[in-house]
Student: 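Would you mind keeping the following structure in view while I ask a few things?
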Amino acid sequence: MPTHPHSAFNFTVSTLLAVVLFSSAVHAEEPFTSGTFKSACALALSTHRIVLVDFYTTWCGPCKKLDETTWKDPSVRAWLAKTAVSRKIDAEKQTELAFKYKIGAYPTILLLKSDGTEIDRLIGYRDPKTFLTEAKQALSGQDGVARAKAKLKGAGSSQPMERMRYADALVEKGRLAEALKEYLWCLDEGDKHDPSFAGVRLSFLLSSLHTLGETYPPAFAALRQRRDAASTALESGSASVGRAMDYPAYNRELGEQAATIAMYDRLKAKKSPLASTMQLFIFDQLLLLRRYSELT
């Protein structure tokens, strides 16, 4: 049976129209639009929305995961379309804006008022559910510090992991003096309340203190104070095993590993049993010095 020429034409037009409409719908769902940061603020003001900025770098793995999961999630896209004017910004290209907002980790998701005032920031990867929960909490007045404080209250103030997370949130908000106070409590008291915190204390916690010290010198001063106290105790013979473990860890973060080797040699000369304890923490340094006979 022959096909009417108009039928073929109508089919072609209908197909093309469907493709255009589908493409438009997909484009409309894209959470990030092109344009300047300034234009995003202007549009947010006129449409009574916030500005969301995803600061990323091309080499950042969690940034790519965010693109592949969270920013493709239908619920997230629907929320963003209703609530925010969204921009993706390469922090290594738009350095002035990254500097203005003190972006130091990636991804950093900023939630801003239309005048550019910060509401909250989410640092690191967030799955769709977590992103929506935290973003909605931020817009209701519960920012990262408030959320961390609420978790700490629920867990109990003597829980070092939650206090460390609270300190992390304070750092993100630029409340560095308060953050240092919390970190130091974790350092001085944490493993007394939770023995399992000991490993975190000499690794992740000290790393956080080191990072804080790079922008807030009192953090390094506090580490030196504790290192010097450990040194005095080791020299006098009154140090505990814990002090012998702390000393090389503090020097590692202070970049003063030579002092650790010197202390180890003095303890070894005195035949102090703490020399063996310290040796476990300076294996790499002894290896670099080719003191192979001490590594057996």
Side-chain angles (χ1 to χ4, degrees), residues 26-27 29-41 44 50-81 83-112 116-139 143-145 147-148 161 164-176 179 183 200 203-216 219 253:
V26 170
H27 180 73
E29 291 177 359
E30 287 295 324
F32 297 95
T33 52
S34 60
T36 64
F37 174 72
K38 185 176 180 180
S39 68
C41 291
I50 66 166
V51 176
L52 180 144
V53 181
D54 174 12
F55 281 97
Y56 72 98
T57 66
T58 56
W59 46 263
C60 166
C63 300
K64 294 174 183 177
K65 187 176 180 182
L66 202 60
D67 290 338
E68 294 165 0
T69 57
T70 304
W71 299 146
K72 288 184 178 180
D73 182 82
S75 297
V76 171
R77 289 190 168 194
W79 184 85
L80 288 174
T83 312
V85 178
S86 305
R87 296 283 190 268
K88 283 183 69 68
I89 291 179
D90 187 334
E92 294 183 326
K93 290 184 177 178
Q94 296 193 42
T95 54
E96 185 175 342
L97 193 61
F99 179 78
K100 174 184 176 181
Y101 285 105
K102 299 179 181 178
I103 305 301
Y106 310 103
T108 291
I109 304 166
L110 285 188
L111 305 176
L112 308 170
T117 302
E118 182 175 328
I119 300 169
D120 199 8
R121 63 177 60 201
L122 309 177
I123 297 179
Y125 173 76
R126 297 293 196 281
D127 62 60
K129 183 179 179 181
T130 302
F131 167 76
L132 284 173
T133 297
E134 294 186 356
K136 290 175 182 179
Q137 287 175 336
L139 297 191
D143 65 9
V145 171
R147 293 193 298 272
M161 284 301 300
M164 194 168 84
R165 293 189 183 103
Y166 176 51
D168 292 341
L170 289 168
V171 169
E172 291 174 7
K173 282 295 185 180
R175 293 163 61 175
L176 305 186
Y183 281 142
V200 174
S203 56
F204 296 106
L205 175 58
L206 284 182
S207 179
S208 294
L209 276 165
H210 176 100
T211 301
L212 179 60
E214 291 178 336
T215 54
Y216 188 63
E253 299 304 331

Student: If you compare all heavy atoms of W71 against all heavy atoms of P31, which two are closest, and at what distance to 0.1 Å?
Tutor: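 Distance-wise, the nearest heavy atoms are O-CG, 3.6 Å.
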Student: Contact between L52 and L110 at the side-chain level, heavy atoms closer than 4.5 Å - yes or no?
Tutor: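 No, side chains not in contact.
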Student: Say you draw a straight line from CD of E172 to CD of E118; how long is it, rounded to the nearest 0.5 Å?
Tutor: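 Output value for this atom pair is 9.5 Å.
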Student: When you compare the side chain of S75 with that of L132, does any pair of heavy atoms fall below 4.5 Å?
Tutor: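 With C-beta onward as the side chain, the pair touches.
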Student: Apply ring-ring contact (aromatic ring centres under 6.0 Å, His included) to F55 and list each qualifying residue two or more places apart in sequence or on a separate chain.
Tutor: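 None.
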Student: Regarding R87 and T36, do their side chains bring together a donor and an acceptor under 3.5 Å, going by distance alone?
Tutor: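 No pair is found: no donor N or O on one side chain lies under 3.5 Å from an acceptor on the other.
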Student: Looking at every non-hydrogen atom in both residues, tell me the closest pair between P62 and P107 and how far apart they are.
Tutor: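 In terms of heavy atoms, the two residues are closest at CB-CD, 3.7 Å.
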Student: Shortest non-hydrogen contact from R126 to T130?
Tutor: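 The pair with the smallest heavy-atom distance is CD-CG2, 3.6 Å.
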Student: Can you check side chain to side chain contact (heavy atoms under 4.5 Å, CB included) on L170 and L176, steps first, answer last?
Tutor: CA-CA 7 Å; L170 289 168; L176 305 186; over 6 Å; no
Student: Work out which heavy atom in L111 is nearest to a heavy atom in A135; give both atom names and the distance.
Tutor: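 In this case the closest contact between L111 and A135 is CD1-CA, 4.0 Å.
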Student: Answer with yes or no whether the side chains of Y183 and D168 bring together a donor and an acceptor at under 3.5 Å.
Tutor: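 The criterion, which ignores hydrogens and geometry beyond distance, is satisfied for Y183 and D168.
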Student: So with a 6.0 Å cut-off around NZ of K88, is the heavy-atom count from everything else above 12?
Tutor: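 Above 12, so yes.
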Student: With a 3.5 Å cut-off and no angle check, do the side chains of D73 and T70 form a donor-acceptor pair?
Tutor: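 No, because no side-chain N or O of D73 sits under 3.5 Å from a partner of the opposite role on T70.
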Student: Going from OG1 on T95 to NZ on K93, what distance comes out if it is rounded to the nearest 0.5 angstrom?
Tutor: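 Output value for this atom pair is 12.0 Å.
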Student: Main chain of F204, side chain of S208: is a donor-acceptor contact present, judged purely on distance under 3.5 Å?
Tutor: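 Yes.
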Student: Check whether any side-chain heavy atom of F37 lies under 4.5 Å from a side-chain heavy atom of V51, and answer yes or no.
Tutor: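 Side chain of F37 against side chain of V51, heavy atoms only: contact under 4.5 Å found.
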Student: Donor-acceptor check, side chain of T211 to backbone of S207, threshold 3.5 angstrom: yes or no?
Tutor: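 Checked: pair present.
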Student: What are the two closest heavy atoms between A169 and G144, and how far apart are they?
Tutor: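 So the two residues come closest at CB-O, 3.8 Å.
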Student: Is the shortest side-chain heavy-atom distance between D90 and Q94 below 4.5 Å?
Tutor: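 No - every pair of side-chain heavy atoms lies 4.5 Å or more apart.
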Student: With a 4.5 Å heavy-atom cut-off, do I119 and I50 have their side chains touching?
Tutor: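 Of all side-chain heavy-atom pairs linking I50 with I119, at least one is under 4.5 Å.
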Student: Distance from E92 atom CD to C60 atom SG, nearest 0.5 Å?
Tutor: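 Answer rounded to 0.5 Å: 10.0 Å.
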Student: Side chain to side chain contact (heavy atoms under 4.5 Å, CB included) for V85 and F32? Distances and angles first, verdict last.
Tutor: CA-CA 8 Å; V85 178; F32 297 95; over 6 Å; no
Student: What heavy-atom pair brings R77 and K72 nearest, and what distance separates the two atoms?
Tutor: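 Residues R77 and K72, closest heavy atoms: NE-CA, 3.7 Å.
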Student: Counting heavy atoms not belonging to E96, are there more than 12 under 6.0 Å from its CD?
Tutor: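 No, because the 6.0 Å sphere around CD of E96 holds 12 heavy atoms or fewer from other groups.
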Student: Can you tell me how far CD1 of I89 sits from CG of L97, rounded to the nearest 0.5 angstrom?
Tutor: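 L97 CG to I89 CD1: 4.5 Å, rounded to 0.5 Å.
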Student: Is there a donor-acceptor contact under 3.5 Å from the side chain of R121 to the main chain of T108?
Tutor: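 Such a contact is absent between R121 side chain and T108 backbone.
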Student: Please report the interatomic distance CG(L66) to OH(Y56), rounded to the nearest 0.5 Å.
Tutor: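 Reported to 0.5 Å precision, the distance equals 12.5 Å.
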Student: If the condition is side chain to side chain donor-acceptor pair (under 3.5 Å), which residues does D120 pass it with, not counting sequence neighbours?
Tutor: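 By the side chain to side chain donor-acceptor pair (under 3.5 Å) rule, D120 matches R147.
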Student: As an exercise, state the distance from CG of L209 to OH of Y216, rounded to the nearest 0.5 Å.
Tutor: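 Going from CG on L209 over to OH on Y216, the span is 12.0 Å.
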Student: When you measure from the side chain of T83 to the backbone N and O of W79, does any donor-acceptor pair fall under 3.5 Å?
Tutor: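 Checking the backbone N and O of W79 against the side chain of T83, a donor-acceptor pair under 3.5 Å is found.
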Student: Looking only at atom types and distance, does a side-chain atom of T69 sit under 3.5 Å from a main-chain N or O of K65, one as donor and one as acceptor?
Tutor: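 Checked: pair present.
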Student: What I'd like to find out is whether the side chain of V53 reaches to under 4.5 Å of the side chain of L112, using heavy atoms alone.
Tutor: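 V53 vs L112: side chains touch.
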Student: Just wondering, do I123 and I109 contact through their side chains at under 4.5 Å, heavy atoms?
Tutor: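 No, too far: nothing below the 4.5 Å cut-off.
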